[in-house]
Each structure stands twice: as C-alpha cells, then as structure tokens.
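Have a look at the structure below before the remarks.
Quick caveat: nothing in here was measured; it's all calculated off a predicted structure. Letters A, B, ... mirror the listed sequences (proteins, then strands); counts begin at 1. As a basis for the values below, the full set of heavy atoms in this structure was taken, side chains included, without hydrogen atoms, waters or symmetry mates.
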Protein chains: 2
Amino acid sequence: MNENLSIGAASRNCGVKVPTIRYYEQIGLLPAPPRTEANRRTFNARDLRRLAFIRHARELGFEIDAIRTLLTLQDDPHQPCATADAIARARLTEVQQRIDGLTALKAELEAMIESCRHGEIADCRVIEILADHSRRSQPMYANASLHR
Amino acid sequence: MNENLSIGAASRNCGVKVPTIRYYEQIGLLPAPPRTEANRRTFNARDLRRLAFIRHARELGFEIDAIRTLLTLQDDPHQPCATADAIARARLTEVQQRIDGLTALKAELEAMIESCRHGEIADCRVIEILADHSRRSQPMYANASLHR
DNA sequence: ACTTGCTCCTCTAGTCGCTAGAGGATGTAG
DNA sequence: CTACATCCTCTAGCGACTAGAGGAGCAAGT
C-alpha cells in the first residue's frame, strides 16, 4: 500500500532524516533501494520497517555495530537468540551505569546551583566547586560511562 | 613546590591524559606553557589547577565552550555570577532529560530481556520489540537529549 | 661509554554518527 | 511557464578526543 515512497516521504514516515537515510545506505545498514528512471530512490514497506527498527534501536542507545548484528540476526531467524539477548543485556548494564553517573552529577549540579549566592564571581559557588576538586587525582566517575 | 612539571607528571597529577592536555593547549583552553631548552612543556601549579578545573567540568558534562566561558569568568572575578549560574542550570536541565530518557529506555530493555524465550530468533522479543515500534512516527525521546 | 626503554616532540589522520553546504537535475502546483 | 520544493552526488565539518608515524632526549643500569 505505502510502497515506492520517495526518500522524503520515507523520512516523514519513519522519523529518520533524509541525509541520515542516505548515510545508512552508504554504510550498508540499509540495502541500496531501487531507483526510478530519474535516479531517485524508492523505498518499500520493508525498507521502512528496517529504518524504524534502526531508529528505535538508536533511540535506545544501541551503537550502529550492535544494530548491524541485530539486523543480521533478524534476516536469519533460525538461530538461537542468545546473541540478541546478550546485546540487550550489555546495553542494560551500560544504561544503568549511565543513570547512576547522571544521578550523581545531578546532585552535584543541584548543590552548585543551590549554593550560588548570585553575587560576584569571586563568591560564586559554581566556579568554586568546580575549582575545589583540583586536589582529587582519581576520577569520581569513569569518563567512558558519562560521555558519548 | 610542585612547579615546572613535565607533561607526563602534570597528566598524572590532574588526571588528564597527555594528548588531551596538548589538545587543550591547541584549542586555546589552556595557555601555552613555557618550554625547557629541549622544547619540553613545563607546567606550574596554576596550570594544574586550571586542568583540574577543566577535567571536573568535563566530568560534569560541560561542553568545552561552556568551560571556556567559565574560565573567562574565573579570570575576571568582579562580574555577577549569573552567567555561571545559567550554564549550570542549563546543564541540570539536560541531565534531568537524559535521566528520564534513560529510565524509560531501561524499562524497555528489561521488558525485552524478560520476555525473551531463549529460543530461536523467530520468537525473540528483543528484535520483535525493536521492530514493533515501526508504526510510531513521532520520536518518544528527543534524539539530542539521548545521544552525545 | 653504551644500551635499553621510557618520555617527549610534531604532525597527520582516524573515530562516531551524523550534518551542512555546493552545485546541479527533476518533479509538482498555481 | 515559472516558482519552488525535492532529489541527486560529493566533499567537508562537527565535538572531543585518540592513535600512530617518525624522530629527539633523558635517566638508569651494566
């Protein structure tokens, strides 16, 4: 029914931006769709499902490589799902760590803002607190779990 | 006392990696330190404080540009601290959004793992749940608040 | 004195997942 | 028929580093 959509229509349909769709094709995450006579991409329902799958997985924070594995598994459905399960579990651990890190961070930011006297920089707790940790040599949080 | 440290010693002291220190110098976040006869950088206590400040701010998730502003404010302490306060508040809002997104995400991952029958991919809920969201056109979470 | 191995230097290029822009062709509505 | 939107390809840029090449210097042990 919704077959042969243009890239723009596909983009609107599945919530992935036009250049991003082209990018996914380029890196081989989405198979190159057939083209019209005028060289325009035409997407079918299967492509849209795949794009929505990718988008949702990205929203869940899965990396492109993990999604690639998931898609490969999906394309060959007669394997044990242990791999997919393992990916999801690894991701859950990461997510929990990130939540923990961000919660600690939030507390620190709230303390900073709370104690700000709204005076001059010289008395400003935001800057003072940031500077006060100068002494600490060991990182409080692992960098990797906070960024990216 | 701890004046004139080598870049390696400075790195150990403040917990910022050697190439990262050089990178900060390159982008003008850290003033270029004096060199020895053999062209090696020498860092003083002030540099170390600045580096620790940067590191802590990065750990709190502040972007380089925000840190640049904070450092400028720090260098000129007779201004109102409203700017620093605003930066911290903006950051707090971001952090809260990220926590919310990740919490929703965690619930979803847990449901995925929970419902996995450990059978074949054909029955695997991990992939099914990811694919099932195909219909949704509106993003559940803003991309920007989840990634980076 | 010599060698081993660590640290330092500069430079370029790569990472990830896009995003922006140039410059041009094609499709659609009034 | 003329706007204007949309499409195409291509290259370059983003943030915040990280990795590696290729070479110089320094400190300690034999």
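- Side chain of B:Arg50 to main chain of B:Leu29: a donor-acceptor pair is present (N/O by atom type, distance under 3.5 Å, no hydrogens or angles).
- Protein atom CD of A:Glu37 is 11 Å distant from nucleotide atom P of C:dT26, rounded to whole Å.
- At distances below 3.5 Å, not a single donor-acceptor pair connects side-chain atoms of B:Ser11 with backbone N or O atoms of B:Ile7.
- Side chain of A:Arg40, nearest nucleotide from D:dC7, D:dC17, C:dC8: D:dC7.
- The residue B:Arg41 sits close only to the backbone: its heavy atoms come under 4.0 Å of sugar-phosphate atoms, none of a base.
- Protein atom CG of B:Asn39 is 14 Å distant from nucleotide atom C1' of C:dC11, rounded to whole Å.
- For B:Arg55 and D:dA16, the CZ to C1' distance is 16 Å, given to the nearest whole Å.
- Counted within 6.0 Å of CD on A:Glu63, heavy atoms from surrounding residues, nucleotides or ligands total 12 or fewer; the atom is thus considered open.
- To the nearest 0.5 Å, atoms CZ (B:Arg22) and CD1 (B:Ile27) are separated by 14.5 Å.
- The CG atom of A:Leu29 sits 13 Å away from the P atom of C:dC16 (whole-angstrom rounding).
- One N or O on the side chain of B:Thr72 and one on the backbone of B:Arg68 form a donor-acceptor pair closer than 3.5 Å.
- Checking D:dA16, C:dG17, C:dC8 against every side-chain atom of B:Ile64, the shortest atom distance belongs to D:dA16.
- When rounded to the nearest whole Å, the span between CD of B:Glu25 and C1' of C:dT10 equals 12 Å.
- Counting to the nearest Å, the C1' atom of C:dC16 and the OH atom of A:Tyr24 are 11 Å from each other.
- Rounded to an integer number of Å, the gap from CD1 of A:Ile21 to P of C:dG17 is 18 Å.
- Map A:Tyr23 and A:Ala38 each onto its nearest nucleotide of DNA chain C; the residue landing nearer the 5' end is A:Tyr23.
- Residue A:Thr20 has no polar side-chain atom (N or O) positioned under 4.0 Å from OP1 or OP2 of C:dG17.
- Residue B:Ile7 is in sugar-phosphate contact alone, with no base atom involved, counting any heavy-atom pair closer than 4.0 Å across all strands shown.
- Atom CZ in B:Arg12 sits about 9 Å away from atom C1' in C:dT7, given to the nearest Å.
- Not one side-chain nitrogen or oxygen of A:Ser6 sits closer than 4.0 Å to the OP1 or OP2 atom of D:dT6.
- The side chain of B:Lys17 contributes an N or O atom lying less than 4.0 Å from OP1 or OP2 of D:dT18.
- Nearest-nucleotide positions on DNA chain D place B:Glu63 closer to the 5' end than the other of B:Glu63 and B:Thr36.
- With DNA chain C read from its 5' end, the first of the two nearest nucleotides for A:Asp65 and B:Arg22 is the one closest to B:Arg22.
- Nearest to the side chain of A:Arg35, among D:dG25, D:dT9, D:dC17, sits D:dT9.
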